[in-house]
There are 2 protein chains.
Amino acid sequence: MATKPPAENMARSTKQRTAILELLEHDDAFRSAQDLHAILREAGSKIGLTTVYRTLQAFAEADIVDVMRLPGGDHLYRLCSAEEHHHHLVCRSCGRTVEVAGPTVERWANKVAADHGFTEVGHTLELHGLCAECSQSFKAQ
Amino acid sequence: MATKPPAENMARSTKQRTAILELLEHDDAFRSAQDLHAILREAGSKIGLTTVYRTLQAFAEADIVDVMRLPGGDHLYRLCSAEEHHHHLVCRSCGRTVEVAGPTVERWANKVAADHGFTEVGHTLELHGLCAECSQSFKAQ
DNA sequence: TAGGTGTTGACAATGATTGTCATGACTGGG
DNA sequence: CCCAGTCATGACAATCATTGTCAACACCTA
(Lines give C-alpha, C1' and ligand atoms only; values in the text may rest on other atoms or scores of the structure.)
Protein backbone atom coordinates (compact mmCIF):
# COMPACT_ATOMS: atom_id res chain seq x y z
CA MET A 1 0.00 0.00 0.00
CA ALA A 2 1.35 3.40 -0.95
CA THR A 3 1.61 6.16 1.60
CA LYS A 4 -1.62 8.03 1.82
CA PRO A 5 -1.66 11.80 2.03
CA PRO A 6 -1.57 12.61 5.75
CA ALA A 7 -5.19 13.55 6.11
CA GLU A 8 -8.11 15.16 4.44
CA ASN A 9 -8.97 17.37 7.36
CA MET A 10 -5.47 18.47 8.13
CA ALA A 11 -4.51 21.52 6.21
CA ARG A 12 -0.97 20.64 5.30
CA SER A 13 1.20 17.75 4.46
CA THR A 14 4.54 17.90 6.20
CA LYS A 15 7.63 15.74 6.44
CA GLN A 16 6.88 14.96 10.04
CA ARG A 17 3.35 13.76 9.43
CA THR A 18 4.43 11.70 6.48
CA ALA A 19 7.21 10.15 8.50
CA ILE A 20 4.84 9.15 11.28
CA LEU A 21 2.37 7.68 8.84
CA GLU A 22 5.04 5.68 7.08
CA LEU A 23 6.22 4.30 10.36
CA LEU A 24 2.72 3.24 11.29
CA GLU A 25 2.21 1.59 7.93
CA HIS A 26 5.12 -0.73 8.41
CA ASP A 27 3.98 -1.74 11.84
CA ASP A 28 1.15 -4.00 12.84
CA ALA A 29 1.34 -3.41 16.57
CA PHE A 30 0.31 -0.55 18.79
CA ARG A 31 2.98 2.03 19.51
CA SER A 32 3.16 4.86 21.97
CA ALA A 33 3.91 8.43 21.04
CA GLN A 34 7.17 8.12 22.90
CA ASP A 35 8.06 4.97 21.00
CA LEU A 36 7.44 6.56 17.64
CA HIS A 37 9.36 9.62 18.65
CA ALA A 38 12.32 7.54 19.75
CA ILE A 39 12.28 5.53 16.53
CA LEU A 40 12.17 8.63 14.39
CA ARG A 41 15.02 10.29 16.26
CA GLU A 42 16.97 7.07 16.02
CA ALA A 43 16.46 7.25 12.28
CA GLY A 44 17.93 10.72 12.21
CA SER A 45 14.77 12.81 12.24
CA LYS A 46 14.75 15.96 14.32
CA ILE A 47 11.06 15.73 14.99
CA GLY A 48 9.86 16.99 18.35
CA LEU A 49 7.98 14.96 20.89
CA THR A 50 5.21 17.55 21.01
CA THR A 51 4.69 17.16 17.31
CA VAL A 52 4.38 13.42 17.57
CA TYR A 53 1.75 13.77 20.25
CA ARG A 54 -0.18 16.38 18.32
CA THR A 55 -0.01 14.46 15.09
CA LEU A 56 -1.20 11.23 16.63
CA GLN A 57 -4.03 13.05 18.30
CA ALA A 58 -5.02 14.57 15.01
CA PHE A 59 -4.83 11.20 13.31
CA ALA A 60 -6.98 9.71 15.99
CA GLU A 61 -9.61 12.40 15.60
CA ALA A 62 -9.56 11.90 11.86
CA ASP A 63 -10.05 8.17 12.43
CA ILE A 64 -6.81 7.40 10.68
CA VAL A 65 -5.44 5.55 13.66
CA ASP A 66 -6.97 3.63 16.51
CA VAL A 67 -6.12 4.42 20.08
CA MET A 68 -5.86 2.06 22.96
CA ARG A 69 -4.92 2.55 26.56
CA LEU A 70 -2.35 0.58 28.44
CA PRO A 71 -3.11 -0.44 32.01
CA GLY A 72 -0.60 2.20 33.01
CA GLY A 73 -2.69 4.81 31.25
CA ASP A 74 -0.47 5.51 28.27
CA HIS A 75 -1.91 5.91 24.81
CA LEU A 76 -0.99 3.53 22.04
CA TYR A 77 -1.67 4.14 18.37
CA ARG A 78 -2.02 1.92 15.37
CA LEU A 79 -3.00 2.40 11.75
CA CYS A 80 -6.35 0.77 11.20
CA SER A 81 -7.75 -0.72 8.07
CA ALA A 82 -11.34 -1.35 8.98
CA GLU A 83 -13.64 1.60 8.56
CA GLU A 84 -16.45 0.50 10.82
CA HIS A 85 -16.49 -0.01 14.52
CA HIS A 86 -14.32 -2.90 15.63
CA HIS A 87 -12.27 -4.18 18.52
CA HIS A 88 -8.75 -5.45 18.98
CA LEU A 89 -7.26 -8.72 19.99
CA VAL A 90 -3.76 -7.90 21.14
CA CYS A 91 -0.89 -10.23 21.94
CA ARG A 92 0.51 -9.14 25.26
CA SER A 93 3.88 -10.61 24.45
CA CYS A 94 4.69 -9.30 20.97
CA GLY A 95 1.99 -6.69 20.53
CA ARG A 96 0.66 -8.19 17.34
CA THR A 97 -2.89 -7.09 16.78
CA VAL A 98 -5.92 -8.53 15.07
CA GLU A 99 -8.96 -6.48 14.25
CA VAL A 100 -12.21 -8.08 15.25
CA ALA A 101 -15.74 -7.13 14.36
CA GLY A 102 -18.13 -7.63 17.23
CA PRO A 103 -21.77 -7.57 16.20
CA THR A 104 -22.48 -10.03 19.00
CA VAL A 105 -21.09 -7.64 21.55
CA GLU A 106 -22.85 -4.65 20.08
CA ARG A 107 -26.16 -6.41 20.33
CA TRP A 108 -25.49 -7.62 23.81
CA ALA A 109 -24.41 -4.15 24.94
CA ASN A 110 -27.53 -2.55 23.56
CA LYS A 111 -29.77 -5.11 25.15
CA VAL A 112 -28.15 -4.85 28.56
CA ALA A 113 -28.29 -1.08 28.41
CA ALA A 114 -31.95 -1.08 27.43
CA ASP A 115 -32.77 -3.50 30.21
CA HIS A 116 -31.44 -1.02 32.72
CA GLY A 117 -33.04 2.03 31.15
CA PHE A 118 -29.78 3.44 29.89
CA THR A 119 -29.60 5.41 26.67
CA GLU A 120 -26.81 6.76 24.50
CA VAL A 121 -24.75 3.72 25.28
CA GLY A 122 -21.24 3.22 24.08
CA HIS A 123 -18.69 0.65 25.05
CA THR A 124 -15.02 -0.10 25.13
CA LEU A 125 -13.78 -3.61 24.72
CA GLU A 126 -10.34 -5.08 24.43
CA LEU A 127 -9.12 -8.61 24.18
CA HIS A 128 -5.61 -9.55 25.13
CA GLY A 129 -3.81 -12.86 25.15
CA LEU A 130 -0.92 -14.72 23.61
CA CYS A 131 -0.87 -15.15 19.86
CA ALA A 132 -0.28 -18.57 18.35
CA GLU A 133 3.41 -17.92 17.89
CA CYS A 134 4.06 -16.58 21.36
CA SER A 135 2.02 -19.40 22.86
CA GLN A 136 4.45 -21.79 21.18
CA SER A 137 7.52 -20.05 22.54
CA PHE A 138 6.19 -20.13 26.04
CA LYS A 139 5.30 -23.77 25.80
CA ALA A 140 8.69 -24.68 24.33
CA GLN A 141 10.41 -22.92 27.15
CA MET B 1 -24.62 -3.73 55.69
CA ALA B 2 -22.20 -3.33 58.54
CA THR B 3 -18.65 -2.20 57.98
CA LYS B 4 -16.47 -5.17 57.20
CA PRO B 5 -13.05 -5.50 58.71
CA PRO B 6 -10.66 -3.84 56.27
CA ALA B 7 -9.22 -6.97 54.79
CA GLU B 8 -8.13 -10.46 55.48
CA ASN B 9 -4.79 -10.12 53.82
CA MET B 10 -3.88 -6.75 55.23
CA ALA B 11 -2.04 -7.04 58.47
CA ARG B 12 -3.72 -4.26 60.38
CA SER B 13 -6.99 -2.51 60.78
CA THR B 14 -6.60 1.23 61.04
CA LYS B 15 -8.84 4.27 61.28
CA GLN B 16 -7.87 5.34 57.81
CA ARG B 17 -8.69 2.08 56.14
CA THR B 18 -11.96 1.84 57.96
CA ALA B 19 -12.84 5.38 56.96
CA ILE B 20 -12.18 4.67 53.31
CA LEU B 21 -14.21 1.49 53.41
CA GLU B 22 -17.13 3.23 55.05
CA LEU B 23 -17.08 5.92 52.45
CA LEU B 24 -17.13 3.38 49.67
CA GLU B 25 -19.99 1.53 51.29
CA HIS B 26 -22.25 4.53 51.19
CA ASP B 27 -21.48 5.23 47.58
CA ASP B 28 -22.68 3.43 44.51
CA ALA B 29 -20.54 5.25 41.99
CA PHE B 30 -16.88 5.08 41.10
CA ARG B 31 -14.64 7.54 42.92
CA SER B 32 -11.06 8.57 42.37
CA ALA B 33 -8.39 8.47 45.05
CA GLN B 34 -8.28 12.24 44.95
CA ASP B 35 -12.06 12.43 45.41
CA LEU B 36 -12.02 10.16 48.41
CA HIS B 37 -9.13 12.05 49.91
CA ALA B 38 -10.91 15.36 49.44
CA ILE B 39 -14.11 14.01 51.00
CA LEU B 40 -12.28 12.63 54.00
CA ARG B 41 -10.36 15.85 54.58
CA GLU B 42 -13.60 17.76 54.20
CA ALA B 43 -15.03 15.55 56.93
CA GLY B 44 -12.17 16.50 59.21
CA SER B 45 -9.89 13.54 58.69
CA LYS B 46 -6.17 14.19 58.53
CA ILE B 47 -5.59 11.26 56.24
CA GLY B 48 -2.82 11.67 53.68
CA LEU B 49 -3.23 11.39 49.96
CA THR B 50 -0.50 8.77 49.78
CA THR B 51 -2.39 6.60 52.21
CA VAL B 52 -5.57 6.81 50.19
CA TYR B 53 -3.71 5.70 47.08
CA ARG B 54 -1.98 2.87 48.85
CA THR B 55 -5.12 1.69 50.56
CA LEU B 56 -7.15 1.66 47.40
CA GLN B 57 -4.42 -0.24 45.62
CA ALA B 58 -4.36 -2.78 48.40
CA PHE B 59 -8.15 -3.08 48.30
CA ALA B 60 -8.00 -3.60 44.57
CA GLU B 61 -5.43 -6.35 44.91
CA ALA B 62 -7.52 -7.99 47.59
CA ASP B 63 -10.53 -7.81 45.25
CA ILE B 64 -12.40 -5.70 47.72
CA VAL B 65 -12.95 -2.93 45.21
CA ASP B 66 -13.20 -2.78 41.47
CA VAL B 67 -11.03 -0.47 39.45
CA MET B 68 -11.89 1.30 36.28
CA ARG B 69 -10.00 3.75 34.16
CA LEU B 70 -11.25 7.09 32.98
CA PRO B 71 -10.48 8.09 29.41
CA GLY B 72 -8.06 10.56 30.96
CA GLY B 73 -6.25 7.66 32.57
CA ASP B 74 -7.25 8.21 36.19
CA HIS B 75 -8.21 5.33 38.39
CA LEU B 76 -11.67 5.05 39.84
CA TYR B 77 -12.63 2.70 42.65
CA ARG B 78 -15.88 1.21 43.81
CA LEU B 79 -16.92 -1.35 46.35
CA CYS B 80 -18.19 -4.37 44.50
CA SER B 81 -20.76 -6.88 45.62
CA ALA B 82 -20.48 -9.59 43.00
CA GLU B 83 -17.77 -12.12 43.60
CA GLU B 84 -17.42 -13.44 40.08
CA HIS B 85 -16.25 -11.72 36.98
CA HIS B 86 -18.57 -8.98 35.82
CA HIS B 87 -18.66 -5.71 33.94
CA HIS B 88 -20.03 -2.27 34.63
CA LEU B 89 -22.62 -0.11 33.05
CA VAL B 90 -21.81 3.40 34.13
CA CYS B 91 -23.84 6.57 33.76
CA ARG B 92 -21.54 9.20 32.38
CA SER B 93 -23.61 11.97 33.86
CA CYS B 94 -24.16 10.94 37.47
CA GLY B 95 -21.70 8.05 37.77
CA ARG B 96 -24.32 5.58 38.95
CA THR B 97 -23.16 2.08 38.25
CA VAL B 98 -24.84 -1.21 37.53
CA GLU B 99 -23.02 -4.48 37.70
CA VAL B 100 -23.61 -6.72 34.75
CA ALA B 101 -22.73 -10.34 34.23
CA GLY B 102 -21.62 -11.08 30.74
CA PRO B 103 -21.61 -14.76 29.88
CA THR B 104 -22.42 -13.83 26.30
CA VAL B 105 -19.34 -11.74 26.05
CA GLU B 106 -17.13 -14.28 27.74
CA ARG B 107 -18.20 -16.90 25.26
CA TRP B 108 -17.75 -14.58 22.34
CA ALA B 109 -14.30 -13.51 23.54
CA ASN B 110 -13.14 -17.08 23.92
CA LYS B 111 -14.40 -18.05 20.52
CA VAL B 112 -12.83 -15.10 18.76
CA ALA B 113 -9.55 -15.72 20.53
CA ALA B 114 -9.55 -19.39 19.62
CA ASP B 115 -10.34 -18.60 16.01
CA HIS B 116 -7.16 -16.56 15.83
CA GLY B 117 -5.00 -19.02 17.69
CA PHE B 118 -4.71 -16.88 20.78
CA THR B 119 -4.44 -18.41 24.24
CA GLU B 120 -4.58 -17.09 27.77
CA VAL B 121 -7.16 -14.58 26.74
CA GLY B 122 -8.57 -11.95 28.98
CA HIS B 123 -10.69 -8.96 28.23
CA THR B 124 -11.76 -5.60 29.50
CA LEU B 125 -15.20 -4.29 28.78
CA GLU B 126 -17.01 -1.22 29.89
CA LEU B 127 -20.41 0.15 29.04
CA HIS B 128 -21.21 3.79 29.49
CA GLY B 129 -24.35 5.75 28.79
CA LEU B 130 -27.05 7.81 30.43
CA CYS B 131 -29.12 6.19 33.14
CA ALA B 132 -32.90 6.42 32.98
CA GLU B 133 -32.99 9.40 35.31
CA CYS B 134 -30.30 11.39 33.56
CA SER B 135 -31.85 10.60 30.21
CA GLN B 136 -35.02 12.27 31.50
CA SER B 137 -33.25 15.40 32.65
CA PHE B 138 -31.54 15.82 29.34
CA LYS B 139 -34.76 15.34 27.45
CA ALA B 140 -36.64 17.79 29.65
CA GLN B 141 -34.02 20.38 29.11
C1' DT C 1 8.79 33.86 -5.84
C1' DA C 2 6.39 36.07 -1.72
C1' DG C 3 3.17 36.03 1.87
C1' DG C 4 -0.22 34.36 4.88
C1' DT C 5 -1.26 30.73 7.74
C1' DG C 6 -0.85 26.27 9.53
C1' DT C 7 3.10 23.61 11.85
C1' DT C 8 6.91 22.84 14.41
C1' DG C 9 9.96 22.25 18.37
C1' DA C 10 12.22 23.67 22.65
C1' DC C 11 10.81 24.41 26.99
C1' DA C 12 7.92 25.02 30.88
C1' DA C 13 3.84 23.51 33.22
C1' DT C 14 0.51 20.23 34.71
C1' DG C 15 -1.30 16.63 37.46
C1' DA C 16 -1.98 12.05 38.85
C1' DT C 17 0.61 8.61 40.78
C1' DT C 18 4.65 6.55 43.22
C1' DG C 19 9.00 6.52 46.18
C1' DT C 20 11.16 7.75 50.57
C1' DC C 21 11.74 7.70 55.30
C1' DA C 22 11.18 9.27 59.92
C1' DT C 23 7.29 9.21 63.07
C1' DG C 24 3.31 7.13 64.84
C1' DA C 25 -0.27 3.48 65.68
C1' DC C 26 -1.79 -1.60 66.09
C1' DT C 27 -1.34 -6.14 68.07
C1' DG C 28 0.21 -10.13 70.48
C1' DG C 29 3.02 -11.66 74.29
C1' DG C 30 4.44 -11.18 78.83
C1' DC D 1 -2.01 -3.54 81.43
C1' DC D 2 2.31 -2.43 79.21
C1' DC D 3 6.04 -3.07 75.67
C1' DA D 4 8.32 -4.06 71.75
C1' DG D 5 8.33 -5.09 67.11
C1' DT D 6 6.35 -4.27 62.94
C1' DC D 7 3.35 -2.40 59.84
C1' DA D 8 1.03 1.88 58.43
C1' DT D 9 1.00 6.71 57.94
C1' DG D 10 1.86 11.26 56.05
C1' DA D 11 4.68 15.08 54.42
C1' DC D 12 7.47 15.78 50.77
C1' DA D 13 10.11 15.00 46.72
C1' DA D 14 10.39 12.65 42.41
C1' DT D 15 8.41 10.61 38.09
C1' DC D 16 6.62 10.71 33.81
C1' DA D 17 3.36 11.02 30.17
C1' DT D 18 0.93 14.49 28.33
C1' DT D 19 -0.38 19.36 27.31
C1' DG D 20 0.37 24.52 26.92
C1' DT D 21 3.14 28.32 25.03
C1' DC D 22 5.14 30.98 21.56
C1' DA D 23 8.60 32.47 18.43
C1' DA D 24 10.67 30.55 14.29
C1' DC D 25 9.71 28.01 10.32
C1' DA D 26 7.78 25.47 6.27
C1' DC D 27 3.95 24.60 3.04
C1' DC D 28 0.87 26.07 -0.46
C1' DT D 29 -1.31 29.25 -3.49
C1' DA D 30 -1.54 33.23 -6.14
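Every chain is numbered from 1 and lettered A, B, ... according to where its sequence line falls, protein lines coming before strand lines. Here the structure is a predicted model, which is why all the values come from computation and not from measurement.
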Does C/dA16 have OP1 or OP2 under 4.0 Å away from a side-chain N or O of B/His75? no

Pairs under 3.5 Å (N/O, protein and nucleotides 21-28 of chain D):
{"unit_1": "D/dC27", "atom_1": "O2", "unit_2": "A/Arg12", "atom_2": "NH1", "d": "3.4"}

A/Leu36 has an atom CG; how far is it from atom P of D/dT18, in whole Å? 11 Å

Where does the angle between the aromatic ring planes of B/Tyr77 and B/His75 fall among parallel (under 30°), tilted (30 to 60°) and perpendicular (over 60°)? parallel

Axis deviation across the helix from C/dT1-D/dA30 to C/dG30-D/dC1, five-pair ends, to the nearest 10°: 30°

Taking only side-chain nitrogens and oxygens of B/Thr51, does any of them come within less than 4.0 Å of OP1 or OP2 of D/dA8? no

Phosphate oxygens OP1/OP2 of D/dT19: is one of them under 4.0 Å from a side-chain N or O of A/Gln57? yes

Quick test of your reading of the model: are A/Glu133 and A/Arg96 salt-bridged, counting only N-O distances below 4.0 Å? yes

Side-chain N or O of B/Tyr53 closer than 4.0 Å to phosphate OP1/OP2 of C/dT18: no

Please tell me which of the listed nucleotides, D/dG10, C/dT8, C/dA16, lies nearest to the side chain of B/Ile47? D/dG10

Are A/Arg17 and C/dT8 close enough that a side-chain N or O sits under 4.0 Å from OP1 or OP2? yes

Return each pair, listed once, that meets side chain to side chain donor-acceptor pair (under 3.5 Å) where at least one residue sits in residues 29-41 of chain B; pairs must be two or more places apart or across chains. B/Asp27-B/Arg31, B/Ser32-B/Asp35, B/Gln34-B/Tyr53

Under a single-linkage definition using a 4.5 Å side-chain heavy-atom cutoff for Ile, Leu, Val, Met, Phe, Trp and Tyr, are A/Leu125 and B/Phe118 assigned to the same hydrophobic cluster? yes

